[in-house]
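I have placed the structure first, in the form of structure tokens, so that the comments after it can refer back to it.
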Amino acid sequence: MAGKTINIKVKVWRQGGKYPKGQFETYDLKDVGTDMSFLEMFDVLNEQLVSKKEMPVAFEHDCREGICGTCSMVIDGQPHGPMKGTTTCQLHMRSFKDGATITVEPFRAKSFPVIRDLVVDRSSFDAIIQAGGYISVNTGQAQDANAIPIEKDTSEKAFDAATCIGCGACVAACPNSAAMLFTSAKVSHLATMPQGKVESQKRVQAMVNQMDKEGFGMCSNIKACEAECPKEISTDNIALMNREYLASVLGSDKEG
Amino acid sequence: MSDKLKSNVPEGDLAEKWMNYRGTMPLVAPGNKRNIEIIVVGTGLAGASAASTLGELGYKVKCFTFHDSPRRAHSVAAQGGINAAKNYQNDGDSVYRLFYDTIKGGDYRSREANVHRLAEVSRDIIDQCAAQGVPFGREYGGLLANRSFGGVQVSRTFYSRGQTGQQLLIGAYSSLSRQIARGSVTMYNRHEMLDLVKVDGKARGIITRNLLTGKIDRHAAHCVVLATGGYGNVFYLSTNAMNSNVSAGWRAHKKGAFFANPCYTQIHPTCIPVSGEYQSKLTLMSESLRNDGRVWVPKKKEDCKKDPLSIAEEDRDYYLERIYPAFGNLVPRDVASRAAKYVTDDGRGVGATGLAVYLDFASAIERYGKSEANMKGISNPTKAQIVELGEAIVKEKYGNLFHMYEKITDENPYKTPMKIFPAVHYTMGGIWVDYNLQTTIPGCFALGEANFSDHGANRLGASALMQGLADGYFVIPYTIGTFLSKEIRTPIYSAEHTDLEKLKKENTDEEGNIKEFITPNAPEFIEAENAVKERIKTFLNVNGSQSIESFHRRLGRIMWDYCGMSRNAEGLAKARKMIQELRAEYHKDVFVPGSNEEYNPELEKALRVADFMELGELMVCDALNRNESCGGHFREEYQEGGGEALRNDEEYMYAAAWEFTQDNSDWNLHKEQLEYKDIEVKTRSYK
């Protein structure tokens, strides 16, 4: 852990309070340790602002371990910044050069309205899950867990989809602000497992309809979502969801 | 035993208590459930599982979280796994053995009946989660896989790679989402509980702040369930999430809920060491790594700054294997952490700060590599071949953890040993609850890490997830009936019914007695709301010169130095004074920017840090009162044979439940004597 430091400028989107329409503000930061995480750099910036009795930059964060999905930020044009498969909280300053100007904006999408500065409202994601992202089983109804053997590979595939942290980077990355990767990850996780198969048709229709209702855009196969997903969720899930959706609408599986 | 503490443990044989109690306890009929409202605060494993299950049963549930979504709660970060006495491995596991391991792991400071119930329902949890679609790790035959955790000699831990907490939480969140969609649960995201409201001695609601608008609201219900997590962030640096806090529990404490064993803190041995002043939190490396990683430091102090790869095998001290041959690297967390402290105190710590030890996978890589080479029929494999094959296996098992380690430290743990050090991880102490999980305030319940009941003085790995879900899915849905069955005749009115006199008249019987009814317009609610508003105003008006963060950091430093891995009477007395002074300074010189009527995370933090300062003092008092060492509580004055904890069962075999006194001077101590009828109390040995 070398004790290197860099000097940077951070160009941050400020919105709300003093900045009713929203605008960029640029701040100088000196002697930023390269072992510092990106959010710790923001902590330092905010300490500076507070010491001048100014409003700190609002940003969301919680676990700082890359798993809760709370942190967001578009850093130099990329949701969660330049490092592949990494959330903002796990990004470190060693990824940036001395003298760099780093531009930081909120996730931008019609369905993610800005609350303040870098904080957006992602409750549309909850609405999609509430529409059908579950298996209808009440507590106490379950049979023994080993009564349904599931092939290891199948279970791993379901896990790969289930690992979505609901951060919204896929929407922010998509030029159409589509929520296809998020929605398909849940559809795919549950449809892959035998427990979830039973109501998979009803589920996919309800979730896709809700996704449209929330105002998310259409998918045009650009795959920016997969490239920016901090959990590297595959667009194969979108293909699976489309198949599920078509089958459910056409009812083809009922004939087979 | 204090007469204010009734544990309400049912009579009968330990193994039959829960079953018999369930069969005889009072219930609420389905028709009545529809008229009963329950507030659940928190949406982690305990809160989400409780809210969804109570919703399924037909109660009207209001559920609150300060997060933007229930899926963010910090249960999500648990890595390693969840224990259950399934005995799928046929390795001798049983409900009794899980019970025994948990009691022993907790150093004989937990309540026997609660722990046995926990072990019993552990099996149902796995069934429930599998049915929800949680993708547990599986064997090639399609059945569930298990791994081992510290302090036990069986494999009973179920897991989803290194993301078990996430998968279990998403399972609970999906059940909760289903109930929200059905309308049985009303979800309040971005609402923080700022006070508990008591009416006629019963918990009847909460005061919340809408974190987007600052609006203060009164919410009434028949009872309140707190599932608000632990208080590890009192140390500033911990593995808790940045927003984890004690405020909900602390507010309940100030309204009469006793706080039990606050000094029992779990310091987790395998975390990434502190790297600088700006550090905001610490990151855990799962205990599962100790299945394969070997912990060591150099034997000679002069070797500590050398490249670890240049230190010869005979110059390394694999101290856990040396001191604890029976459990080796898999001793319980408190034991492993203390051992790391001793070797670093001895000047043999490594890394830039000298506050780290090595966790080395070279032996595991070699062992797996040889075995793979054998299976692949490679005779006389080269060293490079072995390493390559071995690394692939290690990657399969722990890839995501190694990846995370490399991201944070910029070092490759396949090639050079990890550096790790203990960090605050979990708090065994919490709100005192009886067997029904009810606090000392009737109608106020506490679940999961927020309560004190199951882990004694030290929690075993993979038992937090088990307890959170046990409480939420399989305990509270039954035990809440013991309180609510007496409430079926108590009507509840919404805030629109503003005419209190009219409500009183409606609830007056023929003899002129006013019957109990619930309304958020009751004077107790108004009073609590005004007190919250006043508190917020006070903080905004201080307009001092120091940031909230700087105070929190200073508090954390005091707690870690004097009430951390080891404590002594002198240091604790000093710490108490330091905390009192810091608190006075805080209220005089803190700066809280902005206003109440806006999105203002600094204001949220200001209120939480204020509560941490009060809790910190209580933790110190508790640690000072407990003149013994047990589990995570290590008093330097009480040790034997090379730094092992020396319990004093004669005098301290009790849970210390602290009552807040309104004059804010000292707490009253109430003792719940712990009895062990079904287990022989021994000195804990892992040697």
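Chain A is the first sequence line, chain B the second, and so forth, proteins listed ahead of strands; every chain is numbered from 1.
Comparing A:Thr163, A:Asp117, A:Thr139 by how many heavy-atom pairs each has under 4.5 Å with chain B, the most go to A:Thr139. For the set A:His189, A:Glu151, A:Glu60, A:Glu54, the count of heavy-atom pairs under 4.5 angstrom toward chain B peaks at A:Glu60. For chain B, the option among A:Asn146, A:Asn46, A:Ile135 with the highest count of heavy-atom pairs below 4.5 Å is A:Asn146. Of the listed residues (B:Gln132, B:Arg71, B:Gln179, B:Arg182), the one with the most heavy-atom contacts under 4.5 Å to chain A is B:Arg71. Looking only at heavy-atom pairs under 4.5 Å with chain A, the residue among B:Gln128, B:Glu602, B:His403, B:Glu549 that has the most is B:Gln128. By number of non-hydrogen pairs under 4.5 angstrom with chain B, the leading residue of A:Ala158, A:Gly133, A:Gly69 is A:Gly69. The most heavy-atom pairs under 4.5 Å with chain A, out of B:Pro477, B:Ser280, B:Ala130, B:Ala181, come from B:Ser280. Chain A forms more heavy-atom pairs under 4.5 Å with one residue of B:Gln163, B:Met187, B:His74, B:Arg123 than with any other, namely B:Gln163. Your options are A:Gln143, A:Arg64, A:Met41, and the one with the most heavy-atom pairs under 4.5 Å with chain B is A:Arg64. Among the candidates A:Leu91, A:Val50, A:Ile67, the residue making the largest number of heavy-atom pairs closer than 4.5 Å to chain B is A:Ile67.
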List the steps, then state whether side-chain contact (heavy atoms from CB on, under 4.5 Å) holds for B:Arg178 with A:Gln130.
-> CA-CA 6 Å; B:Arg178 178 168 159 248; A:Gln130 284 158 21; over 6 Å; no
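Residues A:Asp126 and B:Ile180 fail the side-chain proximity criterion, which asks for heavy atoms closer than 4.5 Å. Between A:Thr70 and B:Arg72, some side-chain heavy-atom pair lies under the 4.5 Å cut-off. Using a 4.5 Å heavy-atom cutoff, the side chains of A:Pro56 and B:Pro593 are in contact. The closest side-chain heavy-atom distance from A:Glu156 to B:Arg161 is below 4.5 Å. Under the 4.5 Å side-chain criterion, counting only non-hydrogen atoms from C-beta, B:Glu139 is not in contact with A:Lys152. A 4.5 Å side-chain heavy-atom check between A:Met55 and B:Asn600 finds at least one atom pair inside the cut-off. The closest side-chain heavy-atom distance from B:Tyr88 to A:Asp144 is below 4.5 Å. With a 4.5 Å cut-off on side-chain heavy atoms, A:Glu65 and B:Gln79 count as touching.
The CZ atom of B:Arg190 lies 8.0 Å from the OG atom of A:Ser123; values are rounded to the nearest 0.5 Å. Between atom SG of residue A:Cys63 and atom CE of residue B:Met242 there is a gap of 10.5 Å, rounded to the nearest 0.5 Å. The distance from the CD1 atom of B:Ile408 to the NE2 atom of A:His92 is 5.5 Å, given to the nearest 0.5 Å. In this structure, A:Ile115 CD1 and B:Glu598 CD are separated by 13.5 Å, a value rounded to the nearest 0.5 Å. In this structure, the separation between OG on A:Ser95 and NZ on B:Lys407 is 10.5 Å, given to the nearest 0.5 Å. Atoms CZ and OH, on A:Arg116 and B:Tyr599 in that order, are 9.5 Å from each other to the nearest 0.5 Å.
The backbone N or O of A:Ala145 lies less than 3.5 Å from a partner atom in the side chain of B:Asp127, making a donor-acceptor pair. A donor-acceptor pair is defined here as one N or O able to donate and one able to accept, closer than 3.5 Å; no such pair exists between the side chain of B:Ser177 and the backbone of A:Tyr134.
Looking at A:His61, both its backbone and its side chain come within 4.5 Å of chain B, counting heavy atoms on both sides. Residue B:Leu212 touches chain A through its side chain alone, counting heavy-atom pairs closer than 4.5 Å.
Of the N and O atoms on the side chains of B:Asn543 and A:Lys53, at least one donor lies less than 3.5 Å from an acceptor on the other residue.
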